[in-house]
Amino acid sequence: MDPELAHYATDFAMRLVTPLLSQREFYFQKPKTIFDRKVMSPLGVAAGFDKYCRAPRYLFKLGFGFIESGSLTPQPQPGNPRPRLLRIPEHEALLNKMGFNNPGLLQGWKSLRHRIAKLPKDHLVALSLGTVSYTHLRAH
């Protein structure tokens, strides 16, 4: 399967499945303190996985302790031309050349704000902001 399609299929599947998962075990864990913040897990998700700011709730439900959504740019942009996420099997690696494909700051913030309003106040969510990518400017 195309790596980028696999990423989006995984995101979609996780959003479908996680409402069926119980958070009971997650809340019985002892909180950890990282940078003066209490989190339920020392594992987090960095910007880039949740480019469209849709995933905080299900990522917490899967046991991550903190989430960084985005990166968002001032205006929506499509990112680099495809293929832009490539597998390198001999090195067990992915090469990410996606650029800043994202819905833009306003739409991303609306999506994230709607989703974090439903989270407990102790869930740590960050928003990554970026600038217009050079490749996007050069293409126009």
Side-chain angles (χ1 to χ4, degrees):
M1 176 183 280
D2 171 75
E4 191 168 346
L5 180 58
H7 173 81
Y8 290 120
T10 300
D11 173 60
F12 180 73
M14 289 167 67
R15 282 188 283 128
L16 285 178
V17 170
T18 51
L20 307 173
L21 300 176
S22 168
Q23 285 187 291
R24 186 180 57 210
E25 289 181 27
F26 179 70
Y27 286 108
F28 287 129
Q29 295 180 32
K30 183 181 175 192
K32 287 91 177 143
T33 302
I34 300 175
F35 300 116
D36 297 328
R37 297 285 191 139
K38 285 186 180 178
V39 294
M40 296 309 291
S41 170
L43 297 175
V45 176
F49 179 82
D50 186 25
K51 289 178 175 280
Y52 292 87
C53 304
R54 298 185 279 222
R57 186 172 186 191
Y58 81 72
L59 290 170
F60 282 117
K61 209 165 185 184
L62 291 173
F64 290 100
F66 50 95
I67 310 300
E68 183 178 16
S69 292
S71 290
L72 299 175
T73 55
Q75 298 296 319
Q77 55 184 55
N80 292 325
R82 293 177 188 228
R84 56 193 181 182
L85 187 59
L86 309 166
R87 286 189 179 99
I88 308 173
E90 62 272 17
H91 296 288
E92 297 181 355
L94 285 174
L95 177 60
N96 178 340
K97 304 186 300 179
M98 293 182 78
F100 279 124
N101 54 311
N102 73 91
L105 180 59
L106 184 59
Q107 186 60 40
W109 170 245
K110 285 180 183 178
S111 176
L112 186 61
R113 187 180 68 197
H114 167 72
R115 285 168 172 81
I116 63 176
K118 299 175 183 178
L119 293 175
K121 298 294 181 204
D122 62 345
H123 283 50
L124 186 58
V125 179
L127 180 60
S128 175
L129 303 176
T131 59
V132 179
S133 70
Y134 175 73
T135 54
H136 181 70
L137 287 175
R138 190 177 62 202
H140 294 4

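The shown structure was predicted, so the numbers you read here are calculated from the model rather than taken from an experiment.
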A.B. asks: Can you name the salt bridge (charged side-chain N to carboxylate O under 4.0 Å, His left out) partners of Arg15, sequence neighbours left out?
C.D. replies: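 Once residues adjacent in sequence are excluded, the partners of Arg15 under the salt bridge (charged side-chain N to carboxylate O under 4.0 Å, His left out) criterion are Asp11.
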A.B. asks: Are Asp50 and Val45 packed together at the side-chain level, in the sense that at least one heavy-atom pair is separated by less than 4.5 angstrom?
C.D. replies: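 No, too far: nothing below the 4.5 Å cut-off.
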A.B. asks: Excluding sequence neighbours, so at least two apart, what forms ring pair (Phe, Tyr, Trp, His ring centres under 6.0 Å) with Phe49?
C.D. replies: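 Partners of Phe49 by the ring pair (Phe, Tyr, Trp, His ring centres under 6.0 Å) criterion, ordered by chain and then number, come out as His7.
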A.B. asks: Partners of Arg113 by side-chain hydrogen bond (donor to acceptor under 3.5 Å, both in side chains), sequence neighbours excluded?
C.D. replies: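 In terms of side-chain hydrogen bond (donor to acceptor under 3.5 Å, both in side chains), with neighbours along the sequence ignored, Arg113 is linked to no residue.
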A.B. asks: My understanding is that only residues two or more places apart in sequence, or in another chain, count here; which of them pass side chain to side chain contact (heavy atoms under 4.5 Å, CB included) with Leu16?
C.D. replies: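 Testing Leu16 for side chain to side chain contact (heavy atoms under 4.5 Å, CB included), a comparison that skips the adjacent residues, returns Phe12.
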A.B. asks: Tell me, please, which residues at least two apart from Glu68 pass salt bridge (charged side-chain N to carboxylate O under 4.0 Å, His left out).
C.D. replies: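 Counting only residues at least two positions away or on another chain, Glu68 forms no salt bridge (charged side-chain N to carboxylate O under 4.0 Å, His left out).
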A.B. asks: Using residues 31-40 as the side-chain source, report each donor-acceptor pair under 3.5 Å to any protein atom, sequence neighbours left out, with the distance given to one decimal.
C.D. replies:
| from | atom 1 | to | atom 2 | distance (Å) |
| --- | --- | --- | --- | --- |
| Lys32 | NZ | Lys30 | O | 3.1 |

A.B. asks: So, using side chain to side chain contact (heavy atoms under 4.5 Å, CB included) as the criterion, who are the partners of Pro3 when residues are at least two apart?
C.D. replies: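 Counting only residues at least two positions away or on another chain, Pro3 forms a side chain to side chain contact (heavy atoms under 4.5 Å, CB included) with Leu85, Arg87, Leu94.
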A.B. asks: Starting from Ile88 and following side-chain heavy-atom contacts under 4.5 Å between hydrophobic residues (I, L, V, M, F, W, Y), which residues can be reached?
C.D. replies: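 Taking Ile, Leu, Val, Met, Phe, Trp and Tyr as members, Ile88 shares its hydrophobic cluster with Leu86, Leu95.
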A.B. asks: Which residue pairs pass the salt bridge (charged side-chain N to carboxylate O under 4.0 Å, His left out) test with at least one member in residues 70-86, sequence neighbours excluded?
C.D. replies: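 Output for this query lists Glu4-Arg82, Glu4-Arg84.
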A.B. asks: Among residues two or more places apart or on two chains, list those pairs meeting salt bridge (charged side-chain N to carboxylate O under 4.0 Å, His left out) that have a residue in residues 102-111.
C.D. replies: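 Salt bridge (charged side-chain N to carboxylate O under 4.0 Å, His left out) check on residues 102-111 returns no pairs.
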A.B. asks: Arg54: which residues meet the side-chain hydrogen bond (donor to acceptor under 3.5 Å, both in side chains) condition with it, sequence neighbours left out?
C.D. replies: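 For Arg54 there are no side-chain hydrogen bond (donor to acceptor under 3.5 Å, both in side chains) partners, ignoring immediate neighbours.
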A.B. asks: Below 4.5 Å, heavy atoms only, C-beta onward: do Leu59 and Met14 meet side chain to side chain?
C.D. replies: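 Yes, close enough: below the 4.5 Å cut-off.
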A.B. asks: Can you list every side chain to side chain donor-acceptor pair (under 3.5 Å) pair that touches residues 88-106, not counting sequence neighbours?
C.D. replies: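 Of all non-adjacent pairs touching residues 88-106, those that pass side chain to side chain donor-acceptor pair (under 3.5 Å) are Tyr8-Asn101, Lys51-Asn101, Thr73-Asn102.
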